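Let me begin by presenting the structure, written as structure tokens, before commenting on it.
Below, all heavy atoms of this structure are taken into account, side chains as well, without hydrogens, waters or symmetry copies. These numbers come from a predicted model, not from an experiment.
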Amino acid sequence: MDIKNIRNIGIIAHIDAGKTTTTERFLFYSHKTHRMGEVDEGTTVTDYLTEERERGITITSACVSTIWKGKQINIVDTPGHVDFTVEVERCLRVLDGAVVIFSAVEGVESQSETVWYQASKYKIPRIVYVNKLDRIGADPYEACNMMCGRLGATPLIIQIPYGIEDSFKGIIDLIRWKLYIWKGEPDNEYIIQNIPDELIEKAKKEREKLLEIVSLHDDYIASLFLDEKEPSISELISSIRRGTIENFYYPTFFGASLKNIGVQPLLDGIVNFLPSPLDLPPIKGISLDGKETERKLLPDEPFSGLIFKIVQDPFGKLLYIRIYSGKIKKGTVVLDANTQQKQRVTRIFRMYSNKRSEVNEAYAGDICTLVGPKEVKTGHTLCAKEQPILLESPTFAQPVVSVSIEPKTKADEGKLMSVLKMLVEEDPTFTCRYNEETGETIISGMGELHLDVLTNRITKEFGVHARVSKPRVSYRETILGEAVSEGRYIKQTGGRGHYGHVKLAVSPRESGRGIEIEYNIKGGELPKEFFFAIKEGILESLNAGLFLGYPVVDINVNVISGSYHEVDSSSIDYKIAASIAVKRAIEKAEPCLLEPIMNLEIIVPGEYLGAVLDDINARDGKVNSLQGKGNLQTVKATCPLRNLFGYATAIRSLSQGRAVYIIEFGHYGIVPQNVAEEMVKKIRGYL
């Protein structure tokens with residue numbers, strides 16, 4: 001396939017907006033499948049995991065490919081639940097465009113905002129699909145207004161709906177100036193008619209708005225608009241394409257995927273408006289000497305690609321890669337730019353959900369999987385060993401919920417460790433550590449659902465018999481004040497002794513800024529060869545704070561002086577001395593405990609609003625805003641994670657199962673003193 005005819009796109013949205021249902025229609029109408037799968041029936045192509053089919057939600061992103069009007073569309077269907085937002089993040093990093101789906105009933109929801117801003121971070125061109133126009137309460141224009149208000153985005157309305165709710169039958173295409181009507185049958189093609197007389201005036205007004213927005217970014221269309229001349233269909237499509245790729249506006253489509261209405265024009269929109277790899281600027285990276293370099297997205301450039309997903313498979317470890325430049329053949333030796341290790345590619349597959357077909361080579365613009373390279377992690381760059389380049393890795397949020405897990409029998413111990421290692425490789429937001437003090441294996445994830453899915457996979461899919469504790473919060477520690485301290489490690493053993501001396505200052509940083517280590521040492525006081533050991537000692541100490549042993553975050557450590565012995569000093573001495581110094585400094589700098597504060601959005605019928613608000617207050621939560629739309633009320637609040645375990649059951653009880661909600665990590669906040677004191681007593685055995 002010519003690279004200009006490739007579209008690498010993601011389907012992103014809030015949970016239950018219709019991503020998987022729409023993807024199924026894409027595959028059916030492009031004749032890739034002969035029967036539409038349904039989420040409720042567990043028969044969809046992209047939801048292939050047992051957990052996905054049982055729960056009726058997307059958990060892991062799936063890649064499928066199809067052909068529409070001579071263009072190859074590589075589609076990644078992503079999860080909508082916030083616990084699996086890592087799947088969206090790493091997929092958007094490697095995609096060229098996206099279809100953002102909003103529900104015509106709920107409009108722009110909380111996770112819609114999250115995925116929108118993730119796409120904006122990587123400057124992904126997008127088209128918008130307002131789905132579910134057949135539902136009671138559908139208001140497509142309000143969804144567009146919410147795009148403007150909540151996202152600061154400009155929707156470019158290129159269709160208007162024909163009917164609404166149970167009378168929704170089709171759309172009026174403002175570019176081609178035709179009415180498209182569907183009967184809603186799965187195998188029914190749309191019927192093209194002239195626009196009814198009663199809708200001509202409304203259509204003219206909307207087309208005038210469309211031309212006005214496009215003309216703001218296209219001088220030729222602007223000149224035609226001012227002269228009251230009409231651009232041709234091809235001229236208008238080309239202009240909209242350029243503006244979409246530049247993210248000036250977002251072409252907006254309407255439909256009802258479950259009723260099979262509006263899907264084919266959306267496919268047209270993907271090939272007409274979203275970019276091919278050739279439409280995007282060269283990919284930028286860092287060469288081995290630290291200089292910025294770039295690769296053009298062409299097959300004859302040196303090979304480079306980004307590993308964005310890892311899946312364990314009977315064939316071995318499958319490495320999902322987006323190839324940005326050059327080509328790769330089976331048997332090729334490539335360089336892992338992150339580790340500087342050479343790796344051999346033994347097999348190459350093109351993926352269709354969980355099915356695969358082997359190929360001998362792949363080219364720039366392709367998304368495929370590799371087998372062979374060892375010790376490669378998500379976010380690593382594979383490149384030509386003669387011309388290395390390091391590409392930007394996706395960023396991942398830190399896990400906030402933990403449970404302990406232990407094998408039921410000795411026979412399961414080795415198997416459990418093997419499975420945990422494999423899952424950590426697959427999921428960058430899943431971590432595993434061994435607590436030496438308690439003898440527990442602690443696994444951490446993004447939420448209760450995330451850990452529930454993973455522990456179910458461990459016990460059911462991999463057949464490991466294990467006990468899992470109740471979820472608990474992943475706390476952090478920081479400091480509120482400043483302090484200076486020093487550490488000395490001096491020891492004489494009869495031969496060569498040990499001498500390390502470090503003086504440093506600690507101070508707090510803004511929330512979310514992480515750890516910063518600086519060196520402001522006068523020349524001659526400490527040789528630079530010990531700086532790395534000092535840094536290691538500091539970081540190891542910060543990994544377990546003094547308050548309750550949780551990692552220390554948002555702290556500045558400034559190494560200000562020290563001394564050394566020409567014979568006795570070594571790297572290990574300064575690592576130990578730095579560790580002593582930073583612990584003493586933190587002890588004097590008002591250490592405190594931090595906890596995850598979660599953002600909570602609840603959509604609830606008005607008659608249950610009072611009970612929901614009372615419950616939030618009882619959980620030490622804070623209501624930030626309250627908005628009404630018809631009988632539905634949208635509550636936005638913040639609440640400590642420690643008080644949200646079991647919230648799914650509680651909210652169902654309070655609303656008789658009619659409320660929907662989403663919880664996502666907001667920030668780390670200081671644990672109230674009385675709560676912290678109780679935690680200290682419990683952990684230290686006073687209760």
Indicate yes or no for a side-chain donor-acceptor contact from Arg135 to the backbone of Val105 under 3.5 Å, with no hydrogens or angles considered. no
His380 (side chain) donor-acceptor with Val376 (main chain) under 3.5 angstrom: no
Over 12 non-hydrogen atoms of neighbours within 6.0 angstrom of CD1 in Ile136: no
Nearest atoms (heavy-atom pairs only) where Ser404 meets Arg472: CB-NH2, 3.5 Å
Side-chain (Arg619) to main-chain (Asn643) donor-acceptor, under 3.5 angstrom: yes
Relative to each other, are the rings of Tyr574 and Phe530 parallel, tilted or perpendicular (30° and 60° limits)? parallel
Kindly indicate whether the side chain of Met679, heavy atoms from C-beta on, has any atom under 4.5 Å from the side chain of Leu593. yes
Counting N and O atoms only, with roles assigned by atom type, does the side chain of Ser541 sit under 3.5 Å from a partner on the main chain of Gly537, one being a donor and the other an acceptor? yes
What's the spacing between His501 NE2 and Arg488 CZ if we round to 0.5 Å? 3.5 Å
How about Asp614 and Leu654: do any of their side-chain heavy atoms sit closer than 4.5 Å? no
Go through Ile663 and Glu448 one step at a time and tell me if the side chain to side chain contact (heavy atoms under 4.5 Å, CB included) criterion holds. CA-CA 10 Å; Ile663 299 173; Glu448 285 185 273; over 6 Å; no
Backbone N or O of Phe462 within a donor-acceptor pair of the Lys415 side chain at under 3.5 Å? yes
Matching residue for Phe102 among Glu109, Met146, Met147 - test: side chain to side chain contact (heavy atoms under 4.5 Å, CB included): Met147
Shortest non-hydrogen separation from Pro508 to Gly481 and the atoms involved: CD-O, 3.3 Å
Take Asp16 and Lys132, measure what side chain to side chain contact (heavy atoms under 4.5 Å, CB included) needs, and give me the verdict at the end. CA-CA 11 Å; Asp16 201 33; Lys132 302 187 179 182; 3.9 Å; yes
Side-chain contact, heavy-atom cut-off 4.5 Å: Ile616 with Ile602? yes
Within this structure, what is the CG-NZ distance for the pair Asn624 and Lys636, rounded to the nearest 0.5 Å? 9.5 Å
Is there a donor-acceptor pair closer than 3.5 Å between any side-chain N or O of Thr478 and the backbone N or O of Val553? yes
Is Glu392 salt-bridged to Lys121, going by a charged N under 4.0 Å from an acidic O? no
Ser474 versus Pro596: any side-chain heavy-atom pair under 4.5 Å? no
Side chains of Leu526 and Ile534, heavy atoms from C-beta outward: is any pair under 4.5 Å? yes
So, for Val401 and Phe645, which heavy atoms are closest and what is the spacing to 0.1 Å? CG1-CE2, 3.8 Å
From Leu594 atom CG to Tyr550 atom OH, the distance as rounded to the nearest 0.5 Å: 12.0 Å
Does some side-chain heavy atom of Leu504 sit less than 4.5 Å from a side-chain heavy atom of Ile538? yes
Rounded to the nearest 0.5 Å, what separation is found between the CE atom of Met598 and the OG1 atom of Thr638? 11.0 Å
Of all the heavy-atom pairs spanning Pro399 and Thr431, show the shortest one and how long it is. CG-OG1, 3.8 Å
Give the intermediate values and the outcome of side chain to side chain contact (heavy atoms under 4.5 Å, CB included) for residues Val484 and Ile560. CA-CA 9 Å; Val484 178; Ile560 52 180; 4.1 Å; yes
Would you mind telling me which of Val453, Val468, Val464 makes a side chain to side chain contact (heavy atoms under 4.5 Å, CB included) with Ile458? Val464
Flag for Tyr499-Ser563: side-chain donor and acceptor within less than 3.5 Å: yes
Thr21 side chain reached by Asn131 side chain, heavy atoms, under 4.5 Å: no
So, Arg93 versus Ser393: side-chain donor-acceptor pair below 3.5 Å or not? no
Check this for me: does any side-chain nitrogen of one of Glu426 and Arg457 sit under 4.0 Å from a carboxylate oxygen of the other? yes
The complete set of side chain to side chain donor-acceptor pair (under 3.5 Å) pairs with one or both residues in residues 583-599, sequence neighbours excluded, reads Glu595-Arg642
Got a donor-acceptor contact below 3.5 angstrom from the Glu113 side chain to the Leu151 backbone? no
Please determine whether side chain to side chain contact (heavy atoms under 4.5 Å, CB included) holds for the pair Asp615 and Tyr647, giving the CA-CA distance in whole Å, both sets of side-chain angles, and the decisive distance to 0.1 Å. CA-CA 10 Å; Asp615 183 68; Tyr647 190 69; 3.3 Å; yes
Check for a donor-acceptor pair, side chain of Arg126 on one end and backbone N or O of Ile124 on the other, with a separation under 3.5 Å. yes
So the salt bridge (charged side-chain N to carboxylate O under 4.0 Å, His left out) pairs with at least one residue in residues 530-545 (sequence neighbours excluded) are Glu540-Lys575
Side chain to side chain, Leu416 and Thr441, heavy atoms closer than 4.5 Å: no
Quick one: CG on Leu420 to SG on Cys432, what's the gap to the nearest 0.5 Å? 4.5 Å
Where is the tightest heavy-atom contact between Ala637 and Val623, given as atom of each residue plus distance? CB-CA, 3.9 Å
With a cut-off of 3.5 Å and sequence neighbours excluded, list every side-chain donor-acceptor pair involving residues 510-519.
from: Glu516; atom 1: OE1; to: Asn556; atom 2: ND2; distance (Å): 2.6
from: Glu518; atom 1: OE1; to: Asn556; atom 2: ND2; distance (Å): 3.1
from: Tyr519; atom 1: OH; to: Phe531; atom 2: O; distance (Å): 3.0

So, taking the atom named CG in Asn543 and the one named OG in Ser579, what distance separates them when rounded to the nearest 0.5 Å? 11.0 Å
Could you tell me which non-hydrogen atom of Ala13 sits nearest to which non-hydrogen atom of Val115, and how far apart they are? N-CG2, 4.1 Å
Check: Gly414 main-chain N/O paired with Ser418 side-chain donor or acceptor under 3.5 Å: no
Can any side-chain N or O of Glu406 pair as donor or acceptor with the backbone N or O of Arg467 at less than 3.5 Å? no
